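For ligands, and for the atoms within them, numbers begin at 1 and follow the listed sequence. Since we're looking at a predicted model, the values are computed, not measured.
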Amino acid sequence: MAEERETGWDPGSFLGLAMPYCDCRTAGAVVIPAPYEATVSYGAGAGKGPAGILGASRQIELYDRELDSEPALRYGIHTEPPLAFAQGEAAGAVLGRIAARVAAAAEKRRFFLVLGGEHGISPGVFAGLVRARPNERFDIVHLDAHADLRDSYEGNPRSHACAARRLLDNPACGFLWQFGIRSLCAGEAAFIRKNPQRVRTWFAEETIPHPDADWRRELAKGLAGKKVFLTFDVDALDPAVVPGTGTPEPDGLAWRTALEICRVVADSAAETAGMDAVEAAPVPGLHYSEFNIAKLLYLMMSRLMPGAAASS
Ligand SMILES: [Mn+2]
């Protein structure tokens, strides 16, 4: 395909799955690579994230110790060819094409994992879900170091720094549950305080087990019976776990906390329709970021996908 040649893409499948486990006709999950990078404000490289994650994912054991099975072989994961973006392509057109891919997966009730790319793509991902499933509402679980609640950043309302605010603009967005936040501006802090009926933010230090801050119980209660979309900025994790990201922040989420959040979502929500993972920016010669992200994504999928963790 011309698209693959233009981007120099080696379309390895997620986890290196071979047929029939990556068959587009039967897979329960779809991976959509969206290497879009336009509004990055600090370190660049998010456009190389999907290829880095897919490459690293081939090294991951399919056996999931907690589930005592190889869940990917049960549900199947199809990896689509990457979206290709033209230099200077309008952001609205980019988000529209991402939305079309997501809608096609969501219409078939397939769990989707969109690999960014910068966080600016998330409103397009969510729009695709809403297009496929109109008249439904979804709570959004948002893992990030940054609140991303600015109405505009550097004059651009579609900036990666505004991703969560744009998600809230969508009428199909219910409640926004934020985890791992540790960097925000005064205006974002005020927005959080003024909108307790729409946003609940757990700062990174509040996710450490503590008797006065039991986020598990509150999240489980809040998500009971709800449908969920999850947006995962990999800088939510501590930079010791994932140094390869454009705007790293110290003192982030522990690996096991990120996984625990997914367990609570899986146990309490009615359904998680899909997710994205954004802002992975590979650092040459330092390959463990992409491995850690890929492994966490596999563990997350196997818990969040409807029916994925069920024993065969
Ligand atoms: Mn971030």
What atom name does the N, O or S atom of [X] nearest to the Mn ion (ligand 1) carry?
X: Asp233; value: OD2
X: His146; value: ND1
X: Asp144; value: OD1

Is Asp148 close enough to the Mn ion (ligand 1) to have an N, O or S atom under 2.8 Å? no

Any N/O/S atom, side chain or main chain, of Glu249 closer to the Mn ion (ligand 1) than 2.8 Å?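 No, outside the cut-off.
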
Quick test of your reading of the model: are [X] and [Y] salt-bridged, counting only N-O distances below 4.0 Å?
X: Lys221; Y: Glu218; result: no
X: Arg303; Y: Asp64; result: yes
X: Glu271; Y: Arg109; result: no
X: Arg182; Y: Asp251; result: no

Does the gap between the ring centers of Phe229 and Phe138 come in under 6.0 Å? no

